[in-house]
Amino acid sequence: MSQDRTFDELLAEGAAVPVDGWDFSWFEGRATEQRPAWGYAKLLARRMATARAALDLQTGGGEVTGELGQAPPVLVATEGWPPNLALARRHLAHLGARVVEHADRDPLPFPDASFDLVVSRHPTVTDWAEVARVLTPGGTYLSQQVGPRSMFGLAEFFLGPLDGGTARDPEVAAAGARQAGLEVLDLRSASLRTEFFDVAAVVVYLREVIWIVPGFDVATHRGKLRELHELIGRDGSFTAYSTRFLIEARKP
């Protein structure tokens, strides 16, 4: 089979993979990503086991929270992307969770002091004032978030040099929590190696994580995809680094 045909087939495969939800099992054998040492899923399970009422913000398809073995008496999740709502309701049904449609930047549709635990994995935005408002006194917020310049090696391959800004800086997040009246209990960061072993994996990733290369399209970016395909053929993989941070805060 010629290199051109292999490239075309890989592009076609990458373009056809469903990208609803946050199930990354398709990438097994095609890409690898290091995980933070703190183990968010285990921390989440411990906090949920002792909570009375918990809120999972921007749950995606409910994949992470859906793996819990034990849920609090009250469990509510929010999600703003309609295709994920059905997935979240399916993944969280066995826990008795209520999934609420909610746009990420809108005020939360819950009364003050409704939850003693608020969690969020990879939120697009954190409204610290709203988090503080819905927490009970003594309640905690636990979140793993995407850090600064995450996957910029991949983004810059397609887009050229980028200015990362400070929007995802963990210290900025901590300052926002404190400004909202929360006490920051834990703040940790990690840089994590990610490798792609074929160009189809890159295509699926960029279709799934749409903010890495805004407006990504196989036809539009075919030239850069070919360069990447040839680079992977030569080097065996393409490497970039994601960043994550963990923040835990308490309402006095």
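Since the structure is predicted, the reported quantities are computational estimates derived from the model, not experimental observations.
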Notebook entry, point to check: side-chain contact (heavy atoms from CB on, under 4.5 Å) between Arg222 and Asp8: does it pass, once the steps are laid out?
Noted result: CA-CA 10 Å; Arg222 182 181 176 87; Asp8 287 337; 2.6 Å; yes

Item checked: CD on Glu63 to CG on Leu87, rounded to 0.5 Å -> 6.5 Å

Note to self: What I'd like to find out is whether the side chain of Leu159 reaches to under 4.5 Å of the side chain of Lys224, using heavy atoms alone.
What the structure shows: no

Checklist line | Separation of Asn84 CG from His91 NE2 (nearest 0.5 Å) | finding: 9.5 Å

Margin query: Is it true that Glu79 and His102 share a donor-acceptor pair across their side chains at a distance under 3.5 Å?
Written below: no

Item checked: Distance (rounded to the nearest 0.5 Å) between Ile212 CD1 and Tyr205 OH -> 4.5 Å

Checklist line | Same apolar cluster (I L V M F W Y, side chains within < 4.5 Å links), Leu95/Leu44 | finding: yes

Check: Are side-chain heavy atoms of Leu85 and Trp81 found at a separation under 4.5 Å?
Finding: no

Next item on the list: Kindly give the heavy-atom pair with the smallest separation between Phe27 and Ala201, and that separation in Å.
Entry: CE2-O, 3.2 Å

Margin query: Donor-acceptor pair, distance only, cut-off 3.5 Å: does the side chain of Thr243 make one with the backbone of Pro148?
Written below: yes

Margin query: For the backbone of Ala53 and the side chain of Asp116, can you confirm whether one donor and one acceptor N or O come within less than 3.5 Å of each other?
Written below: yes

Notebook entry, point to check: Is the closest side-chain heavy-atom distance between Arg52 and Val74 below 4.5 Å?
Noted result: no

Margin query: ring-ring contact (aromatic ring centres under 6.0 Å, His included) for Phe157 and Phe238? Distances and angles first, verdict last.
Written below: CA-CA 10 Å; Phe157 185 91; Phe238 177 84; 5.6 Å; yes

Notebook entry, point to check: Do Val134 and Val184 share a hydrophobic cluster (ILVMFWY, side-chain heavy atoms under 4.5 Å, transitive)?
Noted result: yes

Item checked: Pair Ser143-Tyr141, side-chain donor/acceptor within less than 3.5 Å -> yes

Item checked: Arg193 vs Tyr241, side chain to side chain donor-acceptor pair (under 3.5 Å): CA-CA, chis, key distance, verdict -> CA-CA 5 Å; Arg193 181 184 178 93; Tyr241 288 85; 3.1 Å; yes

Check: Do the side chains of Arg207 and Val17 get nearer than 4.5 Å, heavy atoms only?
Finding: yes

Next item on the list: Mark yes when over 12 heavy atoms from residues, nucleotides or ligands other than Arg98 sit less than 6.0 Å from its CZ; otherwise mark no.
Entry: no

Next item on the list: Report whether Leu206 and Trp26 are members of the same hydrophobic cluster (ILVMFWY, side-chain heavy atoms less than 4.5 Å apart, transitive linking).
Entry: yes

Next item on the list: Could you tell me whether the side chain of Val146 reaches within less than 4.5 Å of the side chain of Ser242, counting heavy atoms only?
Entry: no

Next item on the list: Say whether Val125 and Leu142 are linked into one hydrophobic cluster, either directly or through other cluster members, by side-chain heavy-atom distances under 4.5 angstrom.
Entry: no

Notebook entry, point to check: Roughly how far, to the nearest 0.5 Å, is CD of Gln144 from OG of Ser120?
Noted result: 10.5 Å

Notebook entry, point to check: So, Glu156 side chain and Leu162 main chain: donor-acceptor pair closer than 3.5 Å or not?
Noted result: yes

Item checked: Pairs where residues 243-252 contributes a residue and the test salt bridge (Lys or Arg N to Asp or Glu O under 4.0 Å) is met, not counting sequence neighbours -> Glu33-Arg244, Arg47-Glu248, Glu183-Arg250

Check: Do any N or O atoms from the side chain of Arg133 and from the backbone of Pro107 form a donor-acceptor pair under 3.5 angstrom?
Finding: no

Check: So do Asp56 and Val118 actually touch side chain to side chain, heavy atoms under 4.5 Å?
Finding: no

Margin query: Checking side-chain polar atoms at under 3.5 Å, does Gln34 have a donor or acceptor matched by the opposite partner on Thr194?
Written below: no

Note to self: Taking Leu225's backbone N and O only, do any of them form a donor-acceptor pair with His229's side chain (distance below 3.5 Å, no angle check)?
What the structure shows: no

Item checked: Heavy-atom closest contact (Gly62 atom, Leu92 atom, distance) -> O-CD2, 3.7 Å

Next item on the list: Just do the side-chain contact (heavy atoms from CB on, under 4.5 Å) check on Leu75 and Met48 with the steps written out, would you?
Entry: CA-CA 9 Å; Leu75 177 59; Met48 287 284 190; 3.9 Å; yes

Next item on the list: Go through the structure and list residues passing salt bridge (Lys or Arg N to Asp or Glu O under 4.0 Å) with Glu171, not counting sequence neighbours.
Entry: none

Item checked: Gly139 to Leu135 - nearest heavy-atom pair and separation -> C-CD2, 3.9 Å

Checklist line | Nearest heavy-atom neighbours spanning Leu231 and Ser237 | finding: CD2-O, 3.7 Å

Next item on the list: Would you name the heavy atoms of Val19 and Glu208 that are closest together and state the gap between them?
Entry: O-OE2, 3.2 Å

Item checked: Listed partners of Glu67 passing side chain to side chain donor-acceptor pair (under 3.5 Å), at least two apart -> none

Next item on the list: Heavy atoms only: give me the nearest Ala180-Ala132 pair and the separation to one decimal.
Entry: O-CB, 3.6 Å

Margin query: Just so I know, are the side chains of Met151 and Leu154 near enough to count as touching, which here means a heavy-atom distance under 4.5 Å?
Written below: yes

Next item on the list: Please round to the nearest 0.5 Å and tell me the distance separating atom CG of Leu108 and atom CG of Leu55.
Entry: 6.5 Å

Checklist line | Arg149/Asp169 ion pair, N-O < 4.0 Å | finding: no

Item checked: Flag if over 12 foreign heavy atoms under 6.0 Å of CD, Gln179 -> no

Item checked: Gln58 and Thr124 side chains, donor-acceptor separation under 3.5 Å -> yes

Notebook entry, point to check: Run the side-chain contact (heavy atoms from CB on, under 4.5 Å) check on Val203 and Val218 step by step: do they pass?
Noted result: CA-CA 7 Å; Val203 170; Val218 168; 3.7 Å; yes

Next item on the list: Show your reasoning for whether salt bridge (Lys or Arg N to Asp or Glu O under 4.0 Å) applies to Arg30 and Glu195.
Entry: CA-CA 9 Å; Arg30 316 289 292 261; Glu195 285 189 277; over 6 Å; no

Check: Is Ile247 reachable from Leu182 through a run of I, L, V, M, F, W or Y residues, each pair having side-chain heavy atoms under 4.5 Å apart?
Finding: yes

Next item on the list: Decide yes or no on side-chain contact (heavy atoms from CB on, under 4.5 Å) for Val199 and Leu11, but give the supporting numbers first.
Entry: CA-CA 7 Å; Val199 74; Leu11 290 194; 4.3 Å; yes

Check: Looking at CD of Gln145 and CG of Leu246, how far apart are the two atoms once the value is rounded to the nearest 0.5 Å?
Finding: 9.5 Å

Margin query: Any heavy-atom pair between the side chains of Val64 and Tyr40 that's under 4.5 Å?
Written below: yes

